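Heads up: the structure comes next, in structure tokens.
What you see is a predicted model, and the numbers here were worked out from it, not measured in a lab.
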Amino acid sequence: MTPTVSLDTARLNEELRAFIASTGRDLGVAIRQQAKLLTRDLIGGTPPFGKHAFRRSSNDLGTGESYNEQRKIGEAAVRRDVRRVFQPFKEYAAFIGKKFNNPRLEQYLLKLGRQSDTQQLQRIFKKWMWHPKIKTTATRPDHVARRDRRGRVKRATNTFILDERSRVNYEKTAIAAVGKAKAGWLQAAIGLGVGGIPNWIRRHNSPGLYQDATAHLVTPSVTIGNLVNYASEMPMEVFQAALENRRRSMVIEANKIMEANHRKQLRRR
């Protein structure tokens with residue numbers, strides 16, 4: 001079963017009707033246009049994004065952050081989170097060697113690490129009543145287990161990894177997954193003709209939803225959806241902000257059109 005999020009679109013629908021009345025546009029065309037822009041806003045408001053994702057000036061209908069800025073934000077967050085979960089065992093061995101002023105102990109611990117002898121390492125630490133978490137390799141289940149419901153790791157958990165290459169490779173793999181949540185809107189974006197979506201989003205084959213019923217004579221509509229599992233756990237404020245931005249943008253555009261028409265009428269007099 002795919003989780004869903006229900007949104008109150010009453011104000012948006014009201015502004016859409018006013019927008020159509022003031023601009024004289026075809027209802028189906030207007031719905032597709034606004035769905036296209038809403039999809040663009042939702043891509044921008046789906047992680048990763050920063051604090052300016054929905055920042056607008058009074059006459060700015062564009063996005064508040066560039067895709068490149070959001071990619072850097074996402075990659076930095078993933079890198080930080082992975083390093084909060086997994087740390088090189090060599091750093092822990094160096095800390096112990098310095099704590100006991102014993103370089104030979106440090107080298108012995110590193111030797112056990114290279115041999116992946118976790119049992120002997122645990123026996124040594126147990127003598128000091130220490131219980132560090134030591135793993136041979138970095139794995140996705142260990143990372144996922146430490147995420148909160150928004151996918152972030154809030155505090156360092158000190159899992160020490162013996163195989164440094166596995167830690168580095170896992171970090172690269174995790175960074176490569178940045179954009180997967182945004183890609184849940186791709187199906188709608190392609191159907192509506194949203195352009196300018198970069199490869200770091202398009203490379204993912206994330207599930208989404210797009211249904212165009214604007215040809216319906218009585219109740220034309222467009223349905224869009226992001227079916228990535230954790231998309232429904234995004235803060236409700238993100239979805240509402242996207243709707244509010246679309247409503248506000250329609251008001252701005254309608255006012256511009258009415259002002260332009262008014263100036264034309266004045267020139268004709």
Side-chain angles (χ1 to χ4, degrees), residues 3 46-50 68 70-184 199-207 227-235:
T46 299
F49 62 85
N68 191 47
Q70 294 191 331
R71 176 185 59 79
K72 291 178 180 179
I73 289 169
E75 290 178 353
V78 169
R79 188 176 294 110
R80 180 188 63 240
D81 286 356
V82 169
R83 293 179 183 183
R84 281 177 173 175
V85 178
F86 304 120
Q87 296 182 13
F89 177 72
K90 64 181 181 181
E91 293 182 3
Y92 190 54
F95 164 76
I96 293 173
K98 185 175 181 180
K99 179 178 180 65
F100 290 99
N101 193 25
N102 190 340
R104 292 181 62 186
L105 174 60
E106 176 185 348
Q107 293 305 312
Y108 179 58
L109 294 175
L110 290 174
K111 178 182 177 181
L112 293 176
R114 288 191 295 270
Q115 297 171 346
S116 298
D117 193 345
T118 56
Q119 291 185 346
Q120 179 61 15
L121 286 169
Q122 295 292 4
R123 281 194 289 269
I124 292 172
F125 295 134
K126 190 175 181 180
K127 293 178 182 178
W128 303 326
M129 300 297 290
W130 292 356
H131 303 283
K133 190 167 185 178
I134 300 173
K135 293 271 185 113
T136 302
T137 58
T139 63
R140 178 173 170 76
D142 285 328
H143 181 195
V144 172
R146 286 161 179 77
R147 288 174 173 172
D148 60 21
R149 71 181 192 87
R150 297 186 180 181
R152 297 272 68 89
V153 178
K154 295 300 185 184
R155 295 187 300 174
T157 53
N158 295 336
T159 297
F160 298 103
I161 302 300
L162 301 179
D163 185 349
E164 174 63 5
R165 284 181 301 179
S166 83
R167 190 190 67 81
V168 172
N169 289 338
Y170 179 80
E171 183 176 300
K172 290 180 180 178
T173 300
I175 288 175
V178 170
K180 190 172 289 186
K182 287 183 182 291
N199 183 62
W200 64 274
I201 298 174
R202 290 187 289 107
R203 65 189 174 185
H204 301 292
N205 187 27
S206 301
L227 303 184
V228 175
N229 285 337
Y230 44 88
S232 65
E233 296 183 0
M234 289 167 51

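- Contacts of Arg167 classified as side-chain hydrogen bond (donor to acceptor under 3.5 Å, both in side chains), with partners at least two apart in sequence or in another chain: Glu164.
- Residues meeting the side-chain hydrogen bond (donor to acceptor under 3.5 Å, both in side chains) test with Glu106, sequence neighbours left out: none.
- To the nearest 0.5 Å, the span separating CD on Glu171 from CG on Asp81 amounts to 10.5 Å.
- Between Ala93 and Leu109 the shortest heavy-atom distance is CB-CB, 4.1 Å.
- Here the side chain of His204 pairs a donor or acceptor atom with the backbone of Val178 at under 3.5 angstrom.
- You'll find the side chain of Arg123 stays beyond 4.5 Å of the side chain of Leu121, heavy atoms only.
- The distance from atom CZ of Arg203 to atom CD1 of Ile201, rounded to the nearest 0.5 Å, is 9.5 Å.
- Of all non-hydrogen atoms in Gly184 and Ser206, the two that sit nearest each other are N-CB, 3.6 Å.
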Checklist entry - Taking it one step at a time, do Phe160 and Phe95 satisfy ring pair (Phe, Tyr, Trp, His ring centres under 6.0 Å)? => result CA-CA 12 Å; Phe160 298 103; Phe95 164 76; 9.0 Å; no
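- Screening Arg79, Lys72, Arg71 for a side chain to side chain donor-acceptor pair (under 3.5 Å) with Glu75, the sole residue that qualifies is Arg71.
- Using modelled atom types, no side-chain atom of Thr159 and backbone atom of Lys133 make a donor-acceptor pair closer than 3.5 Å.
- Here the side chain of Arg84 pairs no donor or acceptor atom with the backbone of Arg152 at under 3.5 angstrom.
- Across all their heavy atoms, Ile134 and Phe89 have their closest contact at CD1-CE1, 4.1 Å.
- Side-chain contact check for Gln107 and Arg104: no donor-acceptor pair (N or O, by modelled atom type) lies under 3.5 Å.
- In this view, Asp142 and Lys135, Thr139 satisfy the side-chain hydrogen bond (donor to acceptor under 3.5 Å, both in side chains) rule, not counting sequence neighbours.
- Side-chain atoms of Asp163 do not come within 3.5 Å of backbone N or O of Thr136 as any donor-acceptor pair.
- Here the closest heavy-atom approach between residue Val228 and residue Lys180 is recorded as CG2-O, 3.7 Å.
- Of all heavy-atom pairs spanning Pro48 and Gly179, the tightest one is CD-N, 4.4 Å.
- No donor-acceptor pair closer than 3.5 Å links the side chain of Arg147 to the backbone N or O of Val144.
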